[in-house]
Amino acid sequence: MELTMENQFLRVEVTSFGAELTSLYHKGTQREYIWGGDSNIWSRQSPILFPNCGSVKNGTFLMEGKPYKGVQHGFAKDLMHHIVCADDRVVTFRLENSKETADFYPWPFSLRTSYKLDKNSLICQYNVVNCHTDPIYFSLGFHTGLRCPFAVGTAASDYAVVFEHGEKLTYLAQNEEGRLLHKAYEMDLPDGRIPITKGIFSNSLVLMGVESSYIQLEETLSGDYIRVRGTNTPYTVLWSVPDNVAAVCIEPWYGIGDFADASGKIEEKAGIICLPAGQEFTCSQVLEVGTHSH
């Protein structure tokens, strides 16, 4: 089911399938900032990453010796979510364990996804509740596809990914299959800017310990931007549609894909969250539309 909410600044569309954000339209600039989805390029738009971020080695993980199916970025993006509440300012969805999730995940859980308008910003929040009597393990992440270019008459090469401030970035190496390696490199970014070029981020740039509280996709001439707040997470991933850039993703992650030498045991998975019985875990990102003052 498609749902719409709006205020004087923004009109937002979300869908109950995957609880996915499908449109963020700014009335002032008359621009759409979310990638439209294209099955020939990248069919997703803003998938929820749960209960894993990234890929799972050999397509399975083990819990107490029993194998479970592990799909790229988890199963939450591929299921219908129940609508908890919906009005002009807030929409909340819920996904719970079911027969559909039993082959993929052994524990009872509740995942709430909420979208809330606040002036020229959209607050996106995930909340996981452990409904089990023992700890549960999971990762959680955002994967919002930002349209690039978002301004008429511009090209992707007119844009840059801009950090809140200059910093020295640390990113993980990957092998030929895209598996992570226990080797890190540094990228000195004194001006906090990475210009968009063809093929950039096509293999994902997996950053660790980003200090900037926001990263934005900015049109360099005008300074107009779509900003992602909440990027100082354990891992932050930058990804773009391969070859011809059409979408750029700035992804705060609480978890990470499997390393090449991963054991397959979920409790040993890098970056995994261990949530005690009856406890909750909440994370959020804020999408903000604006103009940078040069």
Side-chain angles (χ1 to χ4, degrees), residues 17-20 37-81 95-109 111 113 126 128 130 132 134-145 171-183 201-208 234-242 247 249 251-275 281:
F17 184 79
E20 192 167 4
D38 185 330
S39 58
N40 294 318
I41 302 174
W42 183 49
S43 61
R44 306 288 181 178
Q45 292 181 269
S46 185
I48 296 172
L49 311 187
F50 176 87
N52 57 278
C53 301
S55 62
V56 178
K57 185 180 177 182
N58 300 323
T60 61
F61 70 87
L62 300 172
M63 183 59 198
E64 296 181 348
K66 182 178 179 180
Y68 291 87
K69 297 177 184 177
V71 297
Q72 174 90 1
H73 294 323
F75 56 76
K77 65 187 187 308
D78 300 315
L79 297 175
M80 195 67 70
H81 294 230
L95 178 69
E96 296 179 331
N97 55 289
S98 65
K99 291 181 180 179
E100 291 180 292
T101 67
D103 289 338
F104 299 92
Y105 198 64
W107 299 288
F109 69 92
L111 168 64
T113 302
Y126 300 154
V128 177
N130 180 356
H132 197 37
D134 295 318
I136 66 172
Y137 297 87
F138 64 91
S139 297
L140 193 60
F142 298 88
H143 197 327
T144 308
Y171 65 96
L172 288 169
Q174 302 176 48
N175 65 16
E176 293 180 357
E177 288 83 39
R179 291 269 170 245
L180 295 171
L181 302 174
H182 296 282
K183 184 177 182 180
F201 310 140
S202 59
N203 292 324
S204 296
L205 188 64
V206 182
L207 303 172
M208 299 187 297
Y235 304 96
T236 306
V237 177
L238 302 179
W239 179 80
S240 67
V241 171
C249 298
E251 311 173 37
W253 283 13
Y254 295 84
I256 198 171
D258 275 349
F259 280 80
D261 63 351
S263 69
K265 297 177 181 178
I266 193 169
E267 68 272 20
E268 297 177 357
K269 185 175 173 64
I272 200 74
I273 296 168
C274 178
L275 188 64
F281 178 86

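Start at 1 with the first residue, then count along the sequence.
Considering all non-hydrogen atoms of both residues, F201 and L238 come closest at CB-O, 3.6 Å. Shortest non-hydrogen contact noted between G271 and I256 is N-CG2, 4.5 Å. Residue E268 comes nearest to S263 through the heavy atom pair OE1-OG, 2.6 Å, listed as atom of the first residue, atom of the second, then distance. Between S139 and I272 the shortest heavy-atom distance is OG-CD1, 3.7 Å. Minimum heavy-atom separation, A76 to I48: CB-CG2, 4.2 Å. Residues A270 and F259 come closest through the heavy atom pair CB-CE1, 3.5 Å.
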Legend entry - CA sep, side-chain torsions, deciding dist, call: D38, R44, salt bridge (charged side-chain N to carboxylate O under 4.0 Å, His left out): CA-CA 8 Å; D38 185 330; R44 306 288 181 178; over 6 Å; no
Inset, instruction - Show the numbers, then the answer: is there a side chain to side chain contact (heavy atoms under 4.5 Å, CB included) between L172 and M208? - result: CA-CA 8 Å; L172 288 169; M208 299 187 297; 3.8 Å; yes
Inset, instruction - Show your reasoning for whether side chain to side chain contact (heavy atoms under 4.5 Å, CB included) applies to W253 and T236. - result: CA-CA 6 Å; W253 283 13; T236 306; over 6 Å; no
Inset, instruction - Go through F138 and V128 one step at a time and tell me if the side chain to side chain contact (heavy atoms under 4.5 Å, CB included) criterion holds. - result: CA-CA 9 Å; F138 64 91; V128 177; 3.8 Å; yes
Inset, instruction - Show your working on side chain to side chain contact (heavy atoms under 4.5 Å, CB included) between E100 and D78 and close with a plain yes or no. - result: CA-CA 10 Å; E100 291 180 292; D78 300 315; over 6 Å; no
Inset, instruction - Tell me, with the steps shown, if Y68 and F61 meet ring-ring contact (aromatic ring centres under 6.0 Å, His included). - result: CA-CA 5 Å; Y68 291 87; F61 70 87; 5.6 Å; yes
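Under a 3.5 Å cut-off, the side chain of D258 and the backbone N or O of K57 do form a donor-acceptor pair. No donor-acceptor pair closer than 3.5 Å links the side chain of N52 to the backbone N or O of Q72.
For the atom pair OG1 (T60) and CZ (F104), the distance works out to 12.5 Å, reported to the nearest 0.5 Å. Separation of atoms CD1 (I266) and CD1 (I136) is listed at 9.5 Å; rounding is to 0.5 Å. Interatomic distance, CE of M63 versus NZ of K265, reported as 11.0 Å (0.5 Å rounding). Going from atom CH2 of W42 over to atom CG of N40 covers 15.0 Å, rounded to the nearest 0.5 Å. For the atom pair OG1 of T144 and CD of E251, the computed distance is 8.0 Å after rounding to the nearest 0.5 Å. C53 SG to F142 CZ: the interatomic distance, rounded to the nearest 0.5 Å, is 10.0 Å.
Partner of F281 under the ring-ring contact (aromatic ring centres under 6.0 Å, His included) criterion, chosen from Y137, Y126, Y254: Y254.
The closest side-chain donor-acceptor pair between E20 and S46, if any, does not fall under 3.5 angstrom.
When the ring pair (Phe, Tyr, Trp, His ring centres under 6.0 Å) test is applied to H81, no partner is found at least two apart in sequence or on another chain.
Residues L79 and L95 are in side-chain contact: their nearest non-hydrogen atoms beyond the backbone lie under 4.5 Å apart. Using a 4.5 Å cut-off on side-chain heavy atoms (C-beta onward), W107 and H132 make contact.
The distance between the ring centers of H143 and W239 falls below 6.0 angstrom.
Taking the six-membered ring where the residue is Trp, F109 and F50 present tilted rings, their angle falling between 30° and 60°.
Around the CD atom of E96, the shell of radius 6.0 Å holds more than 12 heavy atoms that belong to other residues, nucleotides or ligands.
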Can you list, pair by pair, the side-chain donor-acceptor contacts under 3.5 Å of residues 173-180, counting residues two or more places apart and other chains?
| residue | atom | partner | partner atom | Å |
| --- | --- | --- | --- | --- |
| Q174 | NE2 | N203 | O | 3.1 |
| Q174 | NE2 | S204 | O | 3.0 |
| N175 | OD1 | E177 | N | 2.9 |
| N175 | OD1 | G178 | N | 3.0 |
| N175 | OD1 | R179 | N | 2.8 |
| R179 | NH1 | S55 | OG | 2.6 |

